[in-house]
Amino acid sequence: MTGDPEAAGSTRRAELAANLTAVRARIAAACTAAGRTADEVTLVAVTKTFPVTDVRLLVDLGQHDVGENRDAEAATKAAELTGLPVRWHFVGQLQRNKVNSVVRYADLVHSVDRRSLAAALAGAVARHRDHPLDVLIQVRLDEAEGRGGVPADELPGLVDDVLARPELRLRGLMAVAPLGADPDPAFARLAEHTAWLRGVAPDARIVSAGMTGDLEAAVRHGATHVRVGSGLLGTRAKLG
Ligand SMILES: *Cc1c(COP(=O)(O)O)cnc(C)c1O
């Protein structure tokens with residue numbers, strides 16, 4: 001290393017620019033293959049564990065949708081970047097004691113997966129915001145509980161609960177493909193849930209699915225938002 005922060009910053013900027021171009025090309029190719037147009041898919045850059053300087057560079061490169069999965073880190077970054085045109089996506093599992101913080105910076109919470117969380121978020125919105133919060137319901141696509149999500153058979157009840165809360169605007173569904181399994185059948189199930197949801201709530205059109213490893217499969221099955229971390233920013237030093 002040269003120790004010259006300006007030189008290091010321009011190297012990092014070039015690296016992020018190249019990664020952005022590559023990921024956008026993957027999305028465009030996946031859209032073409034699926035008979036969709038690239039503007040149907042929004043890229044969310046998941047910047048967890050990476051410094052706020054990276055977020056600043058990404059925004060400067062025209063990447064305005066940014067995702068985080070931990071409240072403390074997200075709140076700090078959002079505060080440091082106040083005034084920049086960032087749309088903050090909260091994509092991680094959310095504990096009820098964090099809702100008062102999250103509703104102050106989040107533009108879209110992807111991970112509502114239980115009634116107690118919907119209730120807590122609605123209360124926090126009433127206290128801290130003058131407009132409703134856009135949310136997605138996270139659906140579990142496998143048996144494992146570890147990565148959050150409402151079991152499919154409990155989805156209709158949770159949808160009714162969220163729709164009944166004026167503080168929340170249900171915009172669609174989110175899912176994470178099962179670890180180590182073929183993502184296609186899982187994302188096909190998500191597409192079925194989405195089709196059902198559009199019958200109940202026509203404005204709930206977002207499908208947040210697909211990460212660095214499986215965005216092509218997600219786009220094939222109708223993803224409107226892909227959440228890409230390592231493919232843009234590099235390998236994470238710690239688990240996140
Ligand atoms: C970290 C994370 C991602 C991005 O994962 P990559 O494999 O690094 O692209 C997407 N979604 C969620 C919920 C995450 O926590």
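Counting starts at 1 for both ligands and their atoms, following the listed order.
- Between His221 and Phe187, the two ring planes are tilted [angle within 30° to 60°].
- Heavy-atom contacts from other residues, nucleotides or ligands closer than 6.0 Å to CZ of Arg87 number more than 12.
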Notebook entry, point to check: Would Glu73 and Lys77 satisfy salt bridge (charged side-chain N to carboxylate O under 4.0 Å, His left out), going step by step from the backbone distance to the final call?
Noted result: CA-CA 6 Å; Glu73 185 177 348; Lys77 286 174 174 165; 2.7 Å; yes

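- Using a 4.5 Å cut-off between side-chain heavy atoms of Ile, Leu, Val, Met, Phe, Trp and Tyr, with links allowed through other members, Val41 and Leu43 fall into the same hydrophobic cluster.
- Shown in contact with Gly229 at under 4.0 Å from a heavy atom are these atoms of ligand 1, numbered in order with element: 4 (C), 6 (P), 8 (O), 9 (O).
- Within the structure, ligand 1 lacks His110 among the residues with a heavy atom less than 4.0 angstrom away.
- An N or O contact shorter than 3.5 Å is missing between Val228 and ligand 1 by distance.
- Annotation for ligand 1: atoms under 4.0 Å from non-hydrogen atoms of Arg227 are 4 (C), 9 (O), 10 (C), 11 (N), 12 (C), 13 (C).
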